[in-house]
Amino acid sequence: MKVAALLATRATRAHRKAWTAVFAALTLTSLLLGAFGLTLVSAWSAHPRVERYAGADLVVAGDQTTRFSAASLGERETVSAGLTERVRIPRTALTVVRGVPGVRAAVADVEFPVGLAGSAATGSATGSATGSATGSATGRPWEAARLAPYALRTGRAPQRADEVVVAGSGGPERGGADRVGQRLTLRVGGHDMAYTVVGVADGPRTAVWFTGAEARRLSGHPEALDAIGVVAESGTGAGELAGRVRKALDTAGVTDVGHRADGDPATVRVLTGDDRGEAEFLAAAPARGELLAALGSVAGAVVLVSLLVVSSTIVQALRQRSHELGLLRAVGATPGQLRAAVGREVGRVAAWAALVGAAGAAPAYLGLRALLDARGALPTGLELTLLLPLWLTPLVTAAVTVLVAQVAALIGGARTATARPAEALRERAPGRGRGITGLVLLGVGASAAGTAALQRGATAAAAAGAAAVTMVIACAVLGPWIAEGAMRLLGAPLRLFGPGGRLAAANCAASAHRLSAAITPIVLVTAFAGVQLSGGATLTHAGDAQARQVLRADLAVHADGGLPAGAVERIREVPGVRAATEIVPGTVLLARSQLGAPELERLPVFGVTPEGLTRTLDPGPRSGDLTRLRPGTVAVGADRADSLGVRPGSTVTLRFGDGQEARLRVVATYQRSIALGDFLLSRDDLLRHTSLPTASGAGRVLVATAPDADRKAVTNALARAVPGARVEPDPAPVRGEAAEQALAEVVSVAVVGAVGGFTVIAVLSTLALIATGRRPELRLLRLAGAGRGQLRRMLRLEAAATVVTGLVVGAAVASVPLLAFSTATTGTLPYLPPAQAAVIVSVVVATAAAGSLPPVWGTLRGRYPR
């Protein structure tokens, strides 16, 4: 041990420059792992914010989780998914809860959208109100305000059906409507009604409170509740009371409203503590699961890439000292002593680098949080929290960084440490085992790409990513052979550049193993960034193209608070209108077994009115008749229909956004499913399972005008036919967006940024180490008569050969999974925005130039070599 410690101490001092590159790579590894680790544990401890029910001891609400079970490998496996539409509970639950001992108050709560219109002058309660819709708000019963609690600032509580209380923090955009006595025109469920403001209270700017009876009527489901807020009597603990309420609900047999699938129990939940927020912010819990899954995959990718990059850097640092280590082996140093000495060297460097990176993890985490917030990747209400012990996560990731470095050192020094003393001074060619391993990995990567070609959605994307990573590792293992083959191909073109080119060709051919260490990280960034960026860009590009092809409408009509009943029919009767289709966005869940395992896939869908559908939209019908779309039926995208094995006349089982299951008869299939989603449903079917009132026109009406119609005249006529509605002269394309798309984009940026950072460090350090080790060679060439200009050209051409090889091999590696992925999901070729491709190439070129030339400027300066 004393010998190993002495060797490690002397070597660390003598090779500071070589270890500087390793220090930089390990620092970045520790920083990124710490930042992602903090984000991961904060997502793990995240919870929905508690606002409206902060004054309630517990909340009774519907079960916002759906479950699906299937046999997997002989065992029953269950998966679950959060529901983003409100799961309501029967009104009978209120009577049951009120009868539980220890309950001081049980308050029913419902929520519904309200469209705000211009206000009339202050006057009598019977005065009329005029104006057009100018904003949106949320309606609730006044009794539920005490659950926050929100208190009156002035005025009184509403007592009559035409009285409301509004928020006093400036109020929503309603032109001074926070004054008592103000007359408002509110639109709920498509109907305009006049109300008098009788009170001003605390609360969010978009809140409007009605009497309990009026709120029940306006909600559209008078026999169901969104939630029940429970206030305990003094001296009764929340946990104890929750148990009593749970038992009373079970005894009474109270379940959620609606039909759930077999094996998906509809049990009413009793929420306490931070869980109360789940009844307010429905999208928070599903987003938390998606965030955990995304960050987990990112952390795994960062660990894998860091191991690859750090190993490459350490191997190159040790290769520069191969003769020194070989001499030690030749003069009697044992393999154990060499391994221990190298391990101690790397351990010292890694420990300091890990601590420096851990110190920067917290600022990097805050930057990632800011990016998530800026891109809207997190839903409203989800709070990422970090308890004090969790802030120590960077210390854990620092330990992981040291472990990664030790593993890399073990790999890097293995060959020299185990070589026989007589062979230690001689550089050996890569062994046959390495070549076989690389070829096996290439085969595994190709198999993963084949899996991506046979799958869809997230499964195809995951398979493509796995294929890219596996093939990059294969290229790293096969690096010497790839470099040797590339340099043979590039030798002839290099020789065309005169003496510098001939020197470059000779050096590249003689030192292919050395250049392979620099080619590997270039292949890594090209392939990994290409797959990550091109995968999403291909879907977006194809979806945008389809969205433009789908839209045939000339105008669109919509209104806050919904369109009035019969609006679509009135629009169709306007002179110059050829067809009108109402379209409502939503989500469904598809439960099925995928590769033998149960899976719940959340899919964006649209609900439409079928009359005149093909004149306003062009889904690209393949079979069946889209005009037969009615409640109880569905149209299916062609790719999804093929994967499910359905056709017109078949049935498909779907779960709506509120967890209720339905068997729907297929009436048609269509081609343009990237834009419209995999399922088109009846508007009425979809509205029954949304958080909106079923009578509300929640979407927009697409209008196709006659070829000879005056569009401006039609626009004015539509505004008169549907008072309070807004008419868009240039409607936006119809496109179904997945709920997690913003999160996926941020994750892609984070992954590419991490891999790009590693690559810059790896390429820069590897080329710098190579250039530093070549100083004696360059001095010898100068003494042999080579000019400084010739040597500079030689170095530039060598760097260019390295860059070209890395980019070409990386693009080839990326093209295999990308072709499989794009063919399976879009039926098109992969697409990468030119600007992003230019950034990748520019970063690689600039890094290669910075690593190749500056380290040897001193050797090339002056008339005589130094």
Side-chain angles (χ1 to χ4, degrees), residues 66 81 83-87 220 258-261 457 546-547 550-551 558 562-563 568 580-592 600-614 616-641 643-644 646-702 734-739:
T66 186
L83 299 171
T84 54
E85 299 290 350
R86 175 72 64 184
V87 177
H259 170 69
R260 291 282 193 113
Q546 280 195 10
V550 162
L551 186 66
H558 66 95
L563 294 166
V568 180
T581 301
E582 185 171 359
I583 181 167
V584 179
T587 59
V588 297
L589 292 103
L590 179 65
R592 62 171 181 162
L600 279 169
E601 187 177 2
R602 193 190 315 276
L603 301 167
V605 297
F606 286 106
V608 298
T609 53
E611 295 81 7
L613 174 65
T614 55
T616 57
L617 293 173
D618 182 14
R622 187 175 78 168
S623 62
D625 186 0
L626 287 167
T627 62
R628 297 173 58 195
L629 197 60
R630 298 288 186 274
T633 65
V634 66
V636 186
D639 292 339
R640 180 67 68 176
S643 68
L644 296 177
V646 299
R647 61 188 181 188
S650 305
T651 59
V652 172
T653 301
L654 296 176
R655 301 185 186 190
F656 288 97
D658 61 353
Q660 297 189 38
E661 187 180 62
R663 288 178 60 84
L664 305 173
R665 182 170 55 87
V666 179
V667 296
T669 61
Y670 55 92
Q671 297 286 353
R672 297 189 175 112
S673 57
I674 301 177
L676 291 175
D678 287 330
F679 300 98
L680 279 177
L681 299 98
S682 163
R683 176 206 62 179
D684 296 334
D685 257 356
L686 193 59
L687 279 179
R688 291 191 190 100
H689 302 280
T690 66
S691 301
L692 303 170
T694 56
S696 170
R700 56 176 180 158
V701 178
L702 301 177
V734 177
R735 177 80 192 274
E737 301 288 352

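Rounding to the nearest 0.5 Å places CZ of Phe656 at 10.0 Å from CD of Glu661. Considering OH of Tyr670 and CG of Asp639, their distance stands at 10.5 Å, rounded to 0.5 Å. From Glu85, atom CD reaches atom CD of Gln660 across 11.5 Å, with rounding to the nearest 0.5 Å. Atom CG of Leu551 is separated from atom CD1 of Ile583 by 9.0 Å, given to the nearest 0.5 angstrom. Atom CZ of Arg86 sits about 11.5 Å away from atom OG1 of Thr84, to the nearest 0.5 Å. Rounded to the nearest 0.5 Å, atoms CZ (Arg688) and CG (Leu681) are 11.5 Å apart.
The heavy-atom pair separating Leu686 from Val584 by the smallest distance is CD2-O, 3.4 Å. Across all non-hydrogen atoms, the minimal contact from Ser673 to Gln546 is N-OE1, 3.5 Å.
At a threshold of 4.5 Å between non-hydrogen side-chain atoms, the residues Pro610 and Arg630 count as touching.
Within a 6.0 Å radius of CZ in Arg647, other residues, nucleotides and ligands contribute 12 heavy atoms or fewer.
Between the side chains of Ser682 and Asp684, no donor-acceptor pair is found at a separation under 3.5 Å. Between Arg663 and Thr651, the side chains place a donor N or O and an acceptor N or O closer than 3.5 Å (distance only, hydrogens not considered).
Side-chain atoms of Thr609 come within 3.5 Å of backbone atoms of Glu582 as a donor-acceptor pair (strictly under, hydrogens ignored). When atom types are taken as modelled, the side chain of Asp685 and the backbone of Gly632 share a donor-acceptor pair closer than 3.5 angstrom.
Under the ring-ring contact (aromatic ring centres under 6.0 Å, His included) criterion, Phe679 pairs with no residue, sequence neighbours left out.
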